[in-house]
Amino acid sequence: MISTLMIAAALAQSADDLQGPRAAFDNCLEERVAAAKAEGQTPADFRNAIRTACAAEAVALRTALIAYDLSTGQGQGDAEGWADEDINDSRDAAARRYER
C-alpha cells in the first residue's frame, strides 16, 4: 500500500513537471498564430514556418515528455517517438487554428 502511494506521488510529480514546458510551447505557438494573422501570411507559408517555430520551447517540452515517459517505464525509443508526435500534433493544431 505504501509503495503504491509512493509510486503514485512520484508519477503525479512527474506529470506536474510537464505543465511549464507545455504552457510555454503552447503560448509560443499561439503568439506565432497571432503574428502571422497580423502579417497576413498565407496558410501555406504559415504551415511551412510553424514546422520549426518555437524551437527552444519544443526542445524543453520534448525533454520533459521523454523524462516523464521514462519515469513510467516506457522505453527510450517509444518515449522519443511519442514526444515527437505530440510536438508535431501541436504544430498541426496551430496550423489548423490559423486556417480558420
Run Asp86 and Arg62 through side chain to side chain contact (heavy atoms under 4.5 Å, CB included) and show every step you take.
CA-CA 8 Å; Asp86 187 303; Arg62 184 178 190 273; over 6 Å; no
Any side-chain heavy atom of Thr63 within less than 4.5 Å of one from Pro21?
no
Here the disulfide (SG to SG under 2.5 Å) pairs for residues 66-100, sequence neighbours left out, are none
Shortest non-hydrogen contact from Ala95 toward Ile50
CB-CG2, 4.4 Å
Could you walk me through whether Arg100 and Val33 satisfy the side chain to side chain contact (heavy atoms under 4.5 Å, CB included) test, starting with their C-alpha distance in whole Å, then the side-chain angles of each, then the deciding distance to 0.1 Å, before giving a yes or no?
CA-CA 11 Å; Arg100 284 189 221 153; Val33 169; over 6 Å; no
Return each pair, listed once, that meets disulfide (SG to SG under 2.5 Å) where at least one residue sits in residues 19-100; pairs must be two or more places apart or across chains.
Cys28-Cys54
Contacts of type side-chain contact (heavy atoms from CB on, under 4.5 Å), residue Gln76, not counting sequence neighbours
Ile66, Leu70, Glu80
Going by the disulfide (SG to SG under 2.5 Å) test, which pairs reach into residues 61-100, not counting sequence neighbours?
none
Show the nearest heavy-atom pair for residues Arg91 and Ala53, with the distance to one decimal.
NH2-O, 2.6 Å
CG on Asp16 to OH on Tyr68, rounded to 0.5 Å
10.0 Å
Taking only residues two or more places apart in sequence, or in another chain, which ones meet Asn88 in a side chain to side chain donor-acceptor pair (under 3.5 Å)?
none
With sequence neighbours excluded, what pairs up with Arg47 under the side chain to side chain donor-acceptor pair (under 3.5 Å) test?
Glu99
Write out all pairs satisfying side-chain hydrogen bond (donor to acceptor under 3.5 Å, both in side chains) with one or both partners inside residues 23-40, taking only residues at least two apart or from two chains.
Glu30-Arg97
In chain order, what residues pass the side chain to side chain donor-acceptor pair (under 3.5 Å) check against Asp69, with sequence neighbours excluded?
none
The complete set of disulfide (SG to SG under 2.5 Å) pairs with one or both residues in residues 65-100, sequence neighbours excluded, reads none
Give the C-alpha distance, both sets of side-chain angles, the deciding distance and a yes or no for side chain to side chain contact (heavy atoms under 4.5 Å, CB included) between Phe25 and Ile87.
CA-CA 9 Å; Phe25 185 59; Ile87 289 165; 3.8 Å; yes
Apply side-chain contact (heavy atoms from CB on, under 4.5 Å) to Asn48 and list each qualifying residue two or more places apart in sequence or on a separate chain.
Arg51
Set of residues satisfying side-chain contact (heavy atoms from CB on, under 4.5 Å) with respect to Thr42, sequence neighbours excluded:
Ala44, Asp45
All side-chain contact (heavy atoms from CB on, under 4.5 Å) counterparts of Asp78, not counting sequence neighbours
Trp82
Once rounded to the nearest 0.5 Å, what's the spacing between atom CG of Asp92 and atom CG of Leu29?
10.5 Å
